[in-house]
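Here the structure is laid out as structure tokens; the discussion comes afterwards.
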Amino acid sequence: MYRKVDAKEPAKAREQRVLSFWREHDVFRESERMREGSPEFVFYEGPPTANGRPHPGHVLTRVMKDVYPRYRTMKGFHVTRKAGWDTHGLPVEIEVEKKFGISGKKQIQEFGIERFVQECKNSVFTYEQTWRELSERLGYWVDLDNPYMTLTDDYIESVWHLLKTIYEKGLLYKGHRVSPYCPHCETTLSSHEVAQGYKDVKDLSVTAKFRLLDPSEVARVFAQGQLPDDTPTYILAWTTTPWTLPSNVALAVNPEFTYVLIHDAAAKENYVVAEGRKEHYLTEERRVVTACTGAELAGLRYQPVFPYVTVDGKKHVVVTSSHVTDESGTGVVHMAPAFGEDDYRVCQENGVVFVNFVDLSGHFTDTVSDFAGRFVKDEQVNVDIVKHLAARGLVYDKGKHEHAYPHCWRCDTPLLYYAIDSWFIRMTAIKAEVIENSRGVHWIPEHIRDGRMGNFLENLVDWNLSRSRYWGTPLPIWVCDRCGRTECIGSKAELKERAGRLPQELHKPYIDDVRWTCACGGRMERVPEVIDVWFDSGSMPFAQWHYPFENQEQFHRLYPADYVCEAIDQTRGWFYSLLAISSLVKGMAPYKNVLVLGHVVDEDGKKMSKSKGNVIDPFEAFDLHGADALRFYFLVNTQPWNSQRFYHRAVAEAKAKFIDLLQNVHAFYALYAGIDGFCPAEHHVPVAERPLMDRWILARLHDTIRRADEALAAFDATTAARQIQGLVNDLSTWYVRRNRERFWAGGMEADKAAAFLTLYEVLATVAKLIAPLTPFIAEELYQNVVRSWDETAPVSVHLCDFPVAEADLVDERLLDEMDWVLWAVESARHLRNESKLKTRQPLSTLYLPQNLEDVLGKFTDILAEELNVKEVAFVQLEEIARPELFLNLKEVGRAYGKEVPAINQAAKQAAPQVMAAFAAEGKVELAGRVITRDMAEIRYHAAFPGLIDVSGRGFVGLNTQLTPELIEEGFVREIISKMQMMRKEVDYEVTAKVVFAAYGDEEVLAILRRHQERIARTVLIRDVHFGSMEGDLTKEWDINGKPLTLTVKG
RNA sequence: GGGCCUAUAGCUCAGCCGGCUAGAGCGCACGACUGAUAAUCGUGAGGUCAGAGGUUCAAGUCCUCUUAGGCCCA
């Protein structure tokens, strides 16, 4: 009935067996089914993208995502675990571009948008099988057969519904965003992409002259004294992008800076620059006339350097901005709002007009009549622009400027900073609410709340929703080409009502063909953008159920989440997008508990990345150590929000210290329970009637259940894992080791039954206790220990309830007392070690403090056996030891010099009360000198033949005097030990009786004869033959220095 | 440049509300045990608690600054 356990079986084989068992009995689904109707523990799965291979970090995430749902299921909750896939976005497009060797929008258009989009769709699930396998091998239970996928029409429709809700609240608006932009690929680049493409280049730079208008105003600001009011005054501004000058609409100065007015006597004109830059603009001909602050310059109007900006509104004025520095140029920055993020912002803040004279391919529009159609980053264009200015006397200076400028990582084209039409969600309007919602969330670790997330929300900006790409959820906004009327569509039904038809799918390019006629007679056409993929994933609480079009009940039952978990980089990613959308639509946080994980790093604490080549393949780790070992390592190693080092040696260690240890105890139990055909149902020994050791390990067990339960309830699996590891370690290294003999006693006396029952109860409970943490070994243990005889028990450990700590079994006092026992054992072993007398040599007496008799008295059997002594005596220290006041001569010498000999003499003769006084007060007077604690200590010497050890907790003494009887017994133990080793080496069944033959030293043989019966009983010997014999194994031994040759035969 | 986290033995980590001589595992050396046996146990060596200053009767722990590393963002 018990399967014999091969503790050396590779973990992979064991786990494969468990996996097929789970499949066969549909255990995962059953675990959900059996809790239907129970309170819901709501878990949201953050969707990964399946077009890349999983990384060790994904293993950690999945472990932490799995543990708590499993735990809660066992605690009686229903946990819906719907998988999800994040399918849209630029990374997918780039994979397809790579596959077909194309790059950039033009080539995509040549490739065909329909074909491109279909290829994206095909590529999305490239690694789905690998991800499935990862989940399965890891024992990550999630419903991969009914996942939500962001690319389905249902999902998109739900997202549209959310967008329309936001639109109707007036929070969705169109603006511009200045982004790094490649005019060749006609796409914006992410900061990551930009960072890849910096190159040092020499660009033409120019310091242009902007003539101030309104001489009277200028005269008022600068009290320019004797200079005629009509002296032309120019503000100087330096730029490395002359092509932006035709779009100039303002000049920015720092309001805090001082600006000086420099008069050039030769040219009879004035220049304005920041004071911090003035030395670069002074010559013999020039002098500083006067100065004013940047703030005072604000509002001055100037003559535009090009005539193209004709739009009505505020333009060509001096504005202020604190971002202006005086580290280069003139301390004045020319503003072209379409071509710089700061420019755009400053112009917006100051109500200055917006113009853009460069088309999407980077060429001047017709408005710039002198340069129309020319590419702005072309060097000659910039030269021509400068010449054009120079011809009109508007160039102060020109030169070449070398700087790092970003280039497209794909096509090497210099990037433009370029204002793109963008749709925004006005997050700033609900900022206070978002912050409040976040503050109500239980962030784990807590510092995320006010730290990373809190700071991020304090600096909240509007959400730039649109992406001018192809593969994504289309922004459902239609605009009339005549009257500009806009409409946001919130469902397929609405779309059909407007357009009279639906596209074949809600993706580009199909959706772009859906048009209708506006009330004004114009044509309603969709804006070209798709949306940020973060909006997709943040919509999942709604869209995973196709809410509100279907599954209203599911949605309401499963919102908000009790638990989500991702790595820390999701703070501004998924955690934020979920929070933002929920706050916008529902006015509340979408989750209650958020576990934020650290990153998985390599052995040296470096990030694992493909480029460094230090990524450990998760599958290799599964094969090598097994999923349980991986899971346990991640759980026990450190709290999961710290970064975790991951390397094979560390996982192997976790396996050895927990999985293997437990499997060893399991093997031990299976072996002897098998031999005796032990069936727990057939025996009953009340716990109160079991030996102390049994009561102790049960107390230890139930104490651990309580602690582990508390920890898991608080999302602290690390503490739970550590508690359980401690239990398993005590079980193996103390309980089983100390009680082995009870399991191989003959028959089935009450004591033996108690031992079996106790070990059974512990193992059966541990199986359930570890089920959420290490589900494979838990199942293995449960099947063999419980299900092998109890067919009424649930089919799988994962269908069981979590163990309940029984308070009356947690005997705190007993736990405390066993701590003292272990202290005594350790101290005594230390003495054994010092005495050089091996444990097989019995000794007469172990001395322990009398005041511990109450605590240790009932454990004398255990102590005597463990330490192999005949007697445990509880005594006063003074009875067995003599104290000595031992001086630290170096310290005493430092204080009292040549008086040391006299003081030392006094110390050696110190009366007991002197020593008692020193012990109590830490100082005493010797030979007229004060001896303090740092100068002396009290040492104890054994007053009996043996050793003594005195520590803060108490003392332990070991009598090492040997008698002939003790020596003879030592020989017996030695002979038994050698015989057992031989049995093991031949590998007889543990119950097989054997024959031994012996010859050698007469004294040893005499001892063997005298104790033959006892030896035979212990070693299971049928017959001892004195002399030589043919057998299975013959060995020559050294028995305490005397030769003995043994032969064994089955 | 801003923010967050981390720093304790050769390595990986504990260390509660500030409180006895700062612990564990691994590794190393030595020893032991043995019907779990490529398992197990003990002992030993190994510490500037990153550095400096402060608060306190008392600081690894609280405060300030510095240094180094990691992460997020500009």
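Below, chains carry the letters A, B, ... as their sequence lines are ordered, and counting in each starts from 1. Please read all numbers here as calculations on a predicted model, not as lab measurements.
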Strictly under 3.5 Å: I want the nitrogen or oxygen pairs between protein and nucleotides 14-18 of chain B, one per line.
unit_1 : atom_1 : unit_2 : atom_2 : d
B:A14  : OP1    : A:T638 : OG1    : 3.1

Query - A:R737 side chain near B:A36 phosphate (N/O to OP1/OP2, under 4.0 Å) - result: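 Negative; the distance criterion is not met.
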Query raised in the report: Taking only side-chain nitrogens and oxygens of A:R645, does any of them come within less than 4.0 Å of OP1 or OP2 of B:U12?
Result: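 So the side chain of A:R645 is within the cut-off, an N or O lying under 4.0 Å from OP1 or OP2 of B:U12.
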Can you check nucleotides 63-65 of chain B for protein contacts, nitrogen or oxygen pairs under 3.5 Å, and list what you find?
none

Rounded to whole Å, how long is the line connecting atom [atom1] of [X] with atom [atom2] of [N]?
| X | N | atom1 | atom2 | answer |
| --- | --- | --- | --- | --- |
| A:Q980 | B:A32 | CD | P | 19 Å |
| A:E458 | B:A74 | CD | P | 17 Å |
| A:R983 | B:A36 | CZ | P | 11 Å |

Under the 3.5 angstrom rule, does the side chain of [X] hit a backbone N or O of [Y] as a donor-acceptor pair?
| X | Y | value |
| --- | --- | --- |
| A:R983 | A:A992 | yes |
| A:R737 | A:S732 | no |
| A:R177 | A:N464 | no |
| A:W696 | A:M818 | no |
| A:R631 | A:T774 | no |

Query raised in the report: Has the side chain of A:S732 got a donor or acceptor that lies under 3.5 Å from a partner of the other kind on the base of B:A36?
Result: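 Under the 3.5 Å cut-off, the side chain and the base do form a donor-acceptor pair.
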Report task. Write down the partner of B:A24 under the Watson-Crick or G-U wobble criteria, each distance required to be under 3.5 Å. Result ->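 Checking every strand shown, B:A24 finds its partner in B:U12, with both distances under 3.5 Å.
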Report task. Identify the nucleotide, in any strand shown, that forms a Watson-Crick or G-U wobble pair with B:A68, with both distances under 3.5 Å; if there is none, say none. Result ->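 Partner of B:A68: B:U6.
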Report which part of the nucleic acid [X] touches: base, sugar-phosphate, or nothing (heavy-atom distance under 4.0 Å, all strands).
| X | value |
| --- | --- |
| A:Y672 | sugar-phosphate |
| A:R973 | sugar-phosphate |
| A:N664 | base |
| A:Y669 | nothing |
| A:V636 | nothing |
| A:I448 | nothing |
| A:R452 | base |

**Report entry** Listed nucleotide nearest any side-chain atom of A:R829, set B:C41, B:C26, B:C4
**Finding:**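 Shortest atom-to-atom distance from the side chain points to B:C41.
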Polar contact flag, side-chain donor to acceptor under 3.5 angstrom, [X]-[Y]:
| X | Y | answer |
| --- | --- | --- |
| A:D462 | A:T428 | yes |
| A:D694 | A:Y735 | yes |
| A:Q639 | A:T718 | yes |

Query raised in the report: Strictly under 6.0 Å, is that where the ring centroids of A:F456 and A:Y576 end up?
Result: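 Close enough - the centres of the two rings lie under 6.0 Å apart.
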Requested in this report: Before giving the answer on ring-ring contact (aromatic ring centres under 6.0 Å, His included), spell out for A:F678 and A:Y672 the whole-Å C-alpha distance, their side-chain angles and the decisive distance to 0.1 Å.
Outcome: CA-CA 8 Å; A:F678 175 77; A:Y672 291 104; over 10 Å; no
